[in-house]
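Taking it in order: structure first as structure tokens, then the write-up.
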Amino acid sequence: MEKIFMTTPLVEMDGDEMTRVMWQMIKDKLILPFVDLKTEYYDLGLVHRNETDDQVTIDSAEATKKYGVAVKCATITPNAARMTEYDLKEMWKSPNGTIRAILDGTVFRKPILVKGITPYIPTWTKPITIARHAYGDIYKNTELKAPKGSKAEIVITNEDGTETRALIHDFKTSDGIVQGVHNLDNSISSFARTCFNYALDQGEDLWFAAKDTISKTYDHRFKDIFAEIYENEYKAKFEAKGIEYFYTLIDDAVARVIRSEGGYIWACKNYDGDVMSDMLATAYGSLGLMTSVLVSPDGKYEYEAAHGTVTRHYYNHLKGERTSTNPIATIFAWSGALRKRGELDGLPDLMKFADALEKASIQTMEEGIMDKNLSAMSTLPDKRVVYTDEFLDEIAKRIKL
Ligand code: NAP
Ligand code: MG
């Protein structure tokens, strides 16, 4: 068989622990036998990030800007324990945070639906994709305690030195707390454009929700920016594609989401996205089936699994045990990236391969072959728990080109 041809390299970001082990297995068993794979390789494993003073993370993000499509393995975000475990020079920042900042990107999380894993909301027969605005609000706040007898104000000092003041609260009767939050028109606009572009790319409706009835300046600004950009830049394109954009109150959005069948993109402010993405992940069933893609406003894509490096399994692997870890979300990161590469470079065979790889993965699980965690959730009558490498072999057998 002739291998499928590629023209432009994918940016390949390797990672840590169990997902690093699976990364190599996925390439060996599912990609390299079929595709004449071209990648520009960046080792984002913690050892190499430490060796390069984290420069490799920045380089990989710059390469993504250059080539347009990346596939990323899960990586360790160091904490105090990792400082000792890896003898680190510094507590390096989260690679995902660094890459997101360089690409000015938005993360879209989408579950993979398979027979046997029924969402807690059984009417959700299609995936709900969630987009979180990952800048500002309470994640970049300033907080103070306010003692009884104090007065808290917001002060904006303009460039010319003049001040605009507003009273927050006069703490006459009790101690209290105050919080200052901000956002940027630039960042909200990038978020809005990325969401509109992604909805067009996926051919799905876009919902955006905030609390503008209560927050008449702050949340209202989000609503207005979305509305202006939609009217001026996207309305015609949405109509041509037969998809819809609408704004609604966050409470109404939650009610609609629960009653819906799925199949749309839900854009959220930072905090709503944080909470709702965890809620959706749990409700759909399994972290091992949650995909994630970082998209920049100018259309650069970085695909990954939403889960982490699966540390507990890795320690078992180091002890020489065979693990039963779910490779599906990482496989879909590869298929997503290869499909997008094929689309951008006009390579239909590469796109077909991505479809075939996803189909084989789903078929394997629907035939009852799966990892231990998924099997504990699956309602299929006949199940067979397999080790990670067997899972991949079973998928490989089912790839039909
Ligand atoms: P995690 O790696 O997602 O694992 C949490 C637990 O979920 C696992 O112990 C496992 O449960 C289950 N699980 C997750 N993915 C699975 C899979 N593919 N197959 C089977 N089971 C799976 O999260 P974590 O333990 O919080 O974080 C571990 C490391 O990952 C940390 O160093 C963190 O910094 C990093 N992390 C990276 C990313 C990223 O790069 N995007 C995201 C999150 C976390 P059982 O142990 O019960 O089997
Ligand atoms: Mg969260």
Side-chain angles (χ1 to χ4, degrees), residues 12-23 25-26 42-50 54 56-57 60-61 70-86 88 91-101 103 105 107-112 114 117 132 134 274 277-278 281-282 284-294 302-319 321-334 336 361 364-365 369-378 385-392 395:
E12 177 184 353
M13 304 171 176
D14 208 344
D16 287 298
E17 299 196 310
M18 202 58 220
T19 41
R20 186 183 181 96
V21 176
M22 286 203 291
W23 192 258
M25 289 185 189
I26 290 169
Y42 293 86
D43 183 1
L44 267 57
L46 187 50
V47 173
H48 194 240
R49 272 183 280 149
N50 191 52
D54 209 22
V56 65
T57 307
S60 73
V71 57
K72 181 179 172 291
C73 180
T75 46
I76 292 169
T77 298
N79 55 16
R82 301 293 197 174
M83 293 288 290
T84 336
E85 185 183 354
Y86 283 84
L88 300 180
M91 204 184 287
W92 307 110
K93 281 191 250 170
S94 149
N96 287 47
T98 303
I99 297 165
R100 197 168 60 214
L103 293 178
V107 173
F108 296 83
R109 278 175 142 210
K110 183 178 195 173
I112 300 158
V114 293
I117 307 290
R132 171 180 173 190
D274 183 350
S277 62
D278 287 336
T282 309
Y284 270 108
S286 170
L287 250 187
L289 294 180
M290 185 60 82
T291 68
S292 178
V293 54
L294 175 77
E302 180 245 297
Y303 294 84
E304 63 181 311
H307 61 74
T309 57
V310 212
T311 309
R312 194 182 64 80
H313 296 217
Y314 181 60
Y315 292 153
N316 290 338
H317 167 81
L318 287 182
K319 279 188 258 165
E321 288 171 26
R322 260 169 114 191
T323 73
S324 179
T325 315
N326 187 345
I328 297 293
T330 307
I331 294 171
F332 274 62
W334 276 97
S361 303
T364 305
M365 291 181 282
I369 299 167
M370 62 193 85
D371 67 289
K372 200 168 156 209
N373 278 356
L374 202 60
S375 161
M377 275 173 223
S378 170
V385 174
V386 286
Y387 292 117
T388 316
D389 53 318
E390 294 175 307
F391 200 161
L392 295 169
I395 294 169

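All of these numbers come straight from a predicted model, not from anything done at the bench. All ligand and atom numbering here is 1-based and tracks the order in the structure.
- At under 3.5 Å, a nitrogen or oxygen of Arg82, whether backbone or side chain, sits near a nitrogen or oxygen of ligand 1.
- The distance criterion of under 3.5 Å between nitrogen or oxygen atoms is not met by Ser324 with respect to ligand 1.
- Atom 27 (O) of ligand 1 is not flagged as protein-proximal [any protein heavy atom, distance under 4.0 Å].
- Here's the thing with Asn326: one of its N/O atoms is less than 3.5 angstrom from an N/O atom of ligand 1.
- Within the 4.0 Å heavy-atom criterion, the part of Asn96 lying near ligand 1 is the side chain and not the backbone.
- Checking only distances, Ile76 never comes within under 3.5 Å of ligand 1, N or O to N or O.
- Going from atom CE of Met365 over to atom OG of Ser375 covers 13.0 Å, rounded to the nearest 0.5 Å.
- At the top of the distance list for atom 4 (O) of ligand 1, counting protein heavy atoms only, stands Val310 CA, 4.2 Å.
- For atom 35 (C) of ligand 1, the closest non-hydrogen atom on the protein side is Thr75 O, 3.4 Å.
- Closest protein heavy atom to atom 14 (C) of ligand 1: His307 CB, 4.0 Å.
- The ligand atoms of ligand 1 that sit less than 4.0 angstrom from a heavy atom of Thr311 are 28 (C), 29 (C).
- Contacts of Arg100 classified as salt bridge (Lys or Arg N to Asp or Glu O under 4.0 Å), with partners at least two apart in sequence or in another chain: none.
- For atom 48 (O) of ligand 1, a protein heavy-atom neighbour is present inside the 4.0 Å cut-off.
- By the 4.5 Å heavy-atom criterion applied to side chains, Asn326 and Phe391 are counted as neighbours.
- You'll find the side chain of Tyr314 stays beyond 4.5 Å of the side chain of Arg20, heavy atoms only.
- Interface atoms of ligand 1 facing Lys72, defined by a heavy-atom separation under 4.0 Å, are 40 (O).
- At a 4.0 Å heavy-atom cut-off, ligand 1 touches His313 through the side chain alone.
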Subject >> Stepwise side chain to side chain contact (heavy atoms under 4.5 Å, CB included) check, Asp14 with His48 >> reply: CA-CA 10 Å; Asp14 208 344; His48 194 240; over 6 Å; no
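- How far OG1 of Thr325 is from CG of Leu374: 12.5 Å, rounded to the nearest 0.5 Å.
- Within a 4.0 Å radius of atom 24 (P) of ligand 1, the protein contributes no non-hydrogen atoms.
- Residues forming a side chain to side chain donor-acceptor pair (under 3.5 Å) with Arg312 (at least two apart in sequence, or on another chain): none.
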Original post:
Going through the checks in order, is the side chain to side chain contact (heavy atoms under 4.5 Å, CB included) test met by Thr291 and Tyr303?
Top reply: CA-CA 8 Å; Thr291 68; Tyr303 294 84; over 6 Å; no
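- At the top of the distance list for atom 38 (C) of ligand 1, counting protein heavy atoms only, stands Gly308 CA, 3.7 Å.
- The protein non-hydrogen atom at the shortest distance from atom 29 (C) of ligand 1 is Thr309 OG1, 3.0 Å.
- No donor-acceptor pair closer than 3.5 Å links the side chain of Asn316 to the backbone N or O of Lys319.
- Formation of a donor-acceptor pair under 3.5 Å by the Arg49 side chain with backbone atoms of Ile76 is found in this model.
- Only the side chain of Arg312 comes within 4.0 Å of ligand 1, judged by heavy-atom distances.
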**OP:** Check step by step if side chain to side chain contact (heavy atoms under 4.5 Å, CB included) holds for Thr388 and Asp371.
**Re:** CA-CA 7 Å; Thr388 316; Asp371 67 289; over 6 Å; no
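- Under a 4.0 Å criterion applied to the non-hydrogen atoms of Ala74, ligand 1 contributes the atoms 40 (O).
- The single protein non-hydrogen atom nearest to atom 33 (C) of ligand 1 is Thr77 N, 4.1 Å, given as residue, atom name and distance.
- Taking 4.5 Å as the limit, some side-chain heavy atom of Thr311 sits within range of a side-chain heavy atom of Glu17.
- Inter-residue side-chain proximity for Pro78 and Leu46 is flagged as met; some heavy-atom pair is nearer than 4.5 Å.
- Expressed to the nearest 0.5 Å, how far CH2 of Trp23 lies from CD1 of Ile26 amounts to 7.5 Å.
- Here Asn373 has side-chain heavy atoms under 4.0 Å from ligand 1, and that is the only part of it that gets that close.
- Close approach of ligand 1 to Glu304 (heavy-atom distance below 4.0 Å) involves ligand atoms 41 (N).
- Checking atom 6 (C) of ligand 1 against the protein gives no heavy-atom contact under 4.0 Å.
- Set against the non-hydrogen atoms of Leu287, the atoms of ligand 1 under 4.0 Å away are 3 (O).
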